[in-house]
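Below you'll find the structure, written out as structure tokens, and then a few comments.
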2 protein chains.
Amino acid sequence: MLPRWIEAFPAALPLRIGAKAPNISEQSIAWVRVTDEPVAKTLEAVRRILGGDVACVVLADQPDDEQAMASFAAAAKGYCNTHAAPELLRRIADVVTQGGLWIGESLMHRLMRATIHLPPSAAPAVVAATAWDVGLTEREREVALAVAAGASNKEIARSLDITERTIKAHVGATLEKLGVRDRLQLSLVVNGHRSR
Amino acid sequence: MLPRWIEAFPAALPLRIGAKAPNISEQSIAWVRVTDEPVAKTLEAVRRILGGDVACVVLADQPDDEQAMASFAAAAKGYCNTHAAPELLRRIADVVTQGGLWIGESLMHRLMRATIHLPPSAAPAVVAATAWDVGLTEREREVALAVAAGASNKEIARSLDITERTIKAHVGATLEKLGVRDRLQLSLVVNGHRSR
DNA sequence: CGGGGAACTGTACCGAAGTACATGTAGGCG
DNA sequence: CGCCTACATGTACTTCGGTACAGTTCCCCG
């Protein structure tokens with residue numbers, strides 16, 4: 001286990017090919033580090049242990065497009081560098097648990113090169129969908145979403161065509177109900193980060 | 001404006017082809033609803049109004065792969081169903097503002113079909129990482145992380161054992177460098193969501 | 001009918017956040 | 001040695017966010 005993996009996922013369990021199945025939750029992600037062994041073979045071994053439908057993300061020491069292709073051919077949900085930063089790993093986990101695929105920039109380029117222009121950068125993001133909005137009224141939920149998206153009270157007021165004062169009322173009620181201090185923490189809750 | 005759009009983006013402004021340019025921020029997203037008109041033509045019209053480099057996401061009433069291809073050929077940043085759920089719209093916005101592309105599941109299949117096998121599951125697919133902290137000094141990065149975690153200036157000051165005034169200086173510099181308005185939007189950038 | 005919750009609004013206040021204008025120190029570099 | 005940058009800090013000011021204390025309308029439900 002690399003230190004950055006532990007940093008990214010303190011609760012992760014190490015697992016070797018040939019080991020017996022640990023009891024893990026339904027939607028766990030298998031992070032599969034591959035080296036020179038064919039990806040398909042490794043993934044097959046992992047699936048024998050953890051079940052055929054476990055979501056696998058392939059970690060490559062020296063990523064290349066061919067191996068990435070092979071990974072997705074073997075139904076991997078993601079492919080990235082073994083030494084990716086913890087934040088990136090977490091983001092990949094987000095995407096994958098949401099049912100998305102994580103494709104490296106390089107492969108993406110390759111896939112699309114023929115048809116479309118791709119900007120030099122790129123990055124995804126995702127949210128966790130635990131019920132953050134229990135107990136909120138419809139309007140409060142609506143306002144909370146806007147706050148979490150970075151809107152100011154004034155902007156929300158304009159878009160909903162009510163006064164800023166009313167927005168404040170909704171925001172205040174929401175902060176109270178969710179037990180957070182200010183709109184930033186509200187956004188963290190709504191966006192599925194930390195606490196509450 | 002569909003109710004779900006408003007729910008997803010309360011601060012969004014409606015705009016018709018032929019209208020004059022509203023004053024919008026640099027990194028706004030244009031959500032372009034297309035019907036039977038050719039996509040390229042519509043996008044061109046939008047760009048005439050909002051500027052050539054505005055990020056466009058195409059909303060299709062009846063999505064199909066051909067139209068999706070056409071959209072990306074016309075340099076759209078995303079393509080999805082007009083009636084997508086607010087959460088999905090927000091996720092797309094996240095990805096696009098981060099410089100990513102949003103590709104529908106169907107098109108993704110098609111793109112990969114030639115080369116690799118894709119499992120029957122799969123949601124929209126996405127791309128890889130941009131550093132949020134380019135150009136920040138060590139101290140600024142440190143403060144930005146604390147802000148993004150929901151800390152107040154006073155709390156950060158205490159924990160770093162410097163004055164609140166200095167925290168304000170770092171926060172201010174960071175907002176400037178990342179081109180965002182306030183600490184909430186900063187947190188969205190740091191946490192890998194929309195804005196910027 | 002009356003009670004109660006939701007949505008909406010008002011005035012007013014306070015503290016947090018953010019900005020403008022300045023100052024000072026320490027370290028790297030031509 | 002000056003120059004630049006990061007870091008730290010001060011005063012002062014404006015704006016925004018959040019709260020306290022009201023009050024209204026509408027609608028549902030017992």
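Every chain is numbered from 1, with letters handed out A, B, ... down the list of sequences. Since the structure is predicted, the reported quantities are computational estimates derived from the model, not experimental observations.
For the OP1/OP2 pair of D:dC16 and a distance below 4.0 Å, the side-chain nitrogens and oxygens of A:K154 include at least one atom meeting the criterion. For D:dC16, neither phosphate oxygen OP1 nor OP2 lies less than 4.0 angstrom from any side-chain nitrogen or oxygen of A:N153.
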Please report, to 0.1 Å, the donor-acceptor pairs under 3.5 Å made by any side chain of residues 157-164 of chain B, with sequence neighbours excluded.
| from | atom 1 | to | atom 2 | distance (Å) |
| --- | --- | --- | --- | --- |
| B:S159 | OG | B:I156 | O | 3.1 |
| B:T163 | OG1 | B:T166 | N | 3.4 |
| B:T163 | OG1 | B:T166 | OG1 | 3.1 |

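A 4.0 Å heavy-atom criterion places the boundary nucleotides of DNA chain C facing chain A at C:dA6 to C:dT11, written 5' to 3'.
You'll find the side chain of B:V143 stays beyond 4.5 Å of the side chain of B:E138, heavy atoms only. At least one side-chain heavy atom of A:N153 sits under 4.5 Å from a side-chain heavy atom of A:K168. Contact of the A:L145 side chain with the A:E142 side chain is not registered, since no non-hydrogen atoms from C-beta on lie closer than 4.5 Å.
The CD1-C1' distance, from B:I162 to D:dG10, rounds to 14 Å in whole Å. The separation between A:D182 atom CG and D:dT19 atom C1' is 14 Å, rounded to whole Å. Put simply, NZ on B:K168 is 12 Å from P on D:dT11, counting in whole angstrom units. The CD1-P distance, from A:I167 to D:dC16, rounds to 15 Å in whole Å. Taking atom CG of B:L184 as the reference point, atom P of D:dG17 lies 10 Å away to the nearest angstrom. Per the geometry, CZ belonging to B:R181 stands 21 Å off P belonging to D:dT14, to the nearest Å.
Among the protein residues, A:T163 comes within range of the sugar-phosphate backbone only, with heavy atoms under 4.0 Å from sugar or phosphate atoms but none that close to a base.
Nearest to the side-chain atoms of B:T137 among the listed nucleotides D:dC7, D:dT11, D:dA20 stands D:dC7. Candidate nucleotides D:dG17, D:dA20, D:dC7 were compared by shortest atom distance to the side chain of A:R165, and D:dA20 ranks first.
Put simply, the residue from A:K41, A:R48, A:R47 that forms a salt bridge (charged side-chain N to carboxylate O under 4.0 Å, His left out) with A:E44 is A:R48.
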Under the side chain to side chain contact (heavy atoms under 4.5 Å, CB included) criterion, do B:D182 and A:L184 qualify, and how do the steps go? CA-CA 10 Å; B:D182 53 40; A:L184 200 160; over 6 Å; no

